[in-house]
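Reviewing the structure listed below.
Chain naming here is simple, since letters A, B, ... match the order of the sequence lines and numbering starts at 1 in each.
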Number of protein chains: 2
Amino acid sequence: MKRITSQRRAIEAVFAKHDRPLTVEEILNYGRKSVPSLNIATVYRTLKILTDNGSLVKVFHPSFGTLYERSGKDHHHHFFCRECNRAYELPGCALKVDDAAPDGFVVEDHEVFLLGKCPKCIAA
Amino acid sequence: MKRITSQRRAIEAVFAKHDRPLTVEEILNYGRKSVPSLNIATVYRTLKILTDNGSLVKVFHPSFGTLYERSGKDHHHHFFCRECNRAYELPGCALKVDDAAPDGFVVEDHEVFLLGKCPKCIAA
DNA sequence: GTGTATGCAAAGCTTTTGCATAGGT
DNA sequence: ACCTATGCAAAAGCTTTGCATACAC
């Protein structure tokens with residue numbers, strides 16, 4: 001990626017505006033609002049580049065597959081609302097990492113997914 | 001599923017023998033050892049039935065997608081070895097569930113994935 | 001003007017489905 | 001004999017890739 005195109009800018013703007021894990025479809029649809037010609041192949045190619053260079057990280061949703069979010073945030077976990085299917089980032093870490101695995105396992109990383117109902121859907 | 005076929009028995013035997021989260025491909029290959037004609041469509045259909053009736057649960061591996069494991073175990077989490085790519089079940093739960101999400105979120109379920117090196121690969 | 005990134009279409013994978021038939025009951 | 005579950009092949013997602021061309025530089 002050596003040229004700054006309108007497509008590339010549109011995709012980065014999507015992440016700036018919607019700062020949460022997004023599906024490829026969300027990225028495509030939001031991006032098309034500013035660049036209607038935006039193609040799904042371009043989205044995938046750009047996501048790959050941004051993931052490879054560390055700007056984005058993948059998040060795996062139990063039912064929706066791969067989501068993408070901006071990197072560089074503090075360590076956090078994810079909450080998926082079963083009602084509205086939106087992904088949330090939750091600050092902090094409630095995992096007792098030292099107790100998480102038996103002796104003999106070397107834990108280098110971890111991910112925590114919470115599933116339930118978000119405040120919006122409870123209020124609704 | 002109202003009939004007990006050799007395919008069905010073969011698939012259940014695979015889970016009995018390899019009591020850890022398995023990929024569809026692993027299930028197919030292991031199953032074909034006893035029923036060579038076993039077809040991938042049958043595997044998917046059987047996995048769907050066993051998942052729907054609660055005998056199996058899905059486990060989502062960050063890179064390998066959906067794995068299947070037998071249900072009815074105590075609450076546990078998963079460890080994925082980055083070296084040998086094997087999935088382990090870890091007993092217990094080191095998550096402080098009450099602290100996991102801010103007020104306003106209702107946490108119904110959670111999953112924890114640990115990534116690192118397993119004892120076998122450390123020893124090797 | 002040069003060469004990269006895009007759009008389009010085709011191809012790869014994984015998973016699902018339609019249909020004729022083997023085989024469990 | 002009946003009718004479900006299977007195998008096969010086609011289809012339906014999702015993601016990647018080849019190729020001509022638009023466009024950033």
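Atom CD1 in A:I40 sits roughly 15 Å away from atom P in D:dT17 (whole-Å rounding). When rounded to the nearest whole Å, the span between CD1 of A:I49 and P of C:dT4 equals 12 Å. Computed from coordinates, the B:K48 NZ to C:dT17 C1' distance equals 12 Å when rounded to whole Å. Whole-Å rounding puts the B:R3 CZ to D:dC2 P distance at 12 Å. Rounded to an integer number of Å, the gap from B:L28 CG to C:dT14 C1' is 13 Å.
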Distances for protein N or O near nucleotides 10-14 of chain D N or O, under 3.5 Å:
none

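With hydrogens and angles disregarded, no donor-acceptor distance shorter than 3.5 Å links the side chain of A:S71 to the backbone of A:V57. The backbone N or O of B:L38 sits less than 3.5 Å from a side-chain atom of B:R32, completing a donor-acceptor pair.
Ring to ring, B:F113 and B:H77 are not that close: their centroids are 6.0 angstrom or more apart.
Using the six-membered ring where Trp is involved, B:F105 and A:F79 have ring planes that are perpendicular, over 60° apart on the 30 and 60° scheme. Using a 30° and 60° split on the angle between ring planes, A:F80 and A:H78 fall in the parallel class, below 30°.
In terms of phosphate contacts, B:T5 brings no side-chain nitrogen or oxygen within less than 4.0 Å of OP1 or OP2 of C:dG24. Taking side-chain N and O atoms only, B:Q7 has no distance below 4.0 Å to OP1 or OP2 of C:dG23. In terms of phosphate contacts, B:N39 brings a side-chain nitrogen or oxygen within less than 4.0 Å of OP1 or OP2 of D:dC8.
Looking at which nucleotide of DNA chain D each of B:I4 and B:A41 is closest to, the 5′-most match is held by B:I4. Nearer the 5' end of DNA chain C, as judged by each residue's closest nucleotide, is the contact made by A:T42, out of A:T42 and B:R9.
In this structure, B:S6 reaches neither bases nor backbone, as no heavy-atom distance under 4.0 Å exists between it and the strands shown. Among the protein residues, A:L38 comes within range of the sugar-phosphate backbone only, with heavy atoms under 4.0 Å from sugar or phosphate atoms but none that close to a base.
A 6.0 Å sphere centred on CD1 of A:I4 holds no more than 12 heavy atoms belonging to other residues, nucleotides or ligands.
Of the charged side-chain nitrogens involved, at least one lies within less than 4.0 Å of a carboxylate oxygen, so that A:R20 and A:E26 count as a salt-bridged pair.
One N or O donor and one acceptor, one from the side chain of A:R45 and one from the base of D:dG18, sit under 3.5 Å apart.
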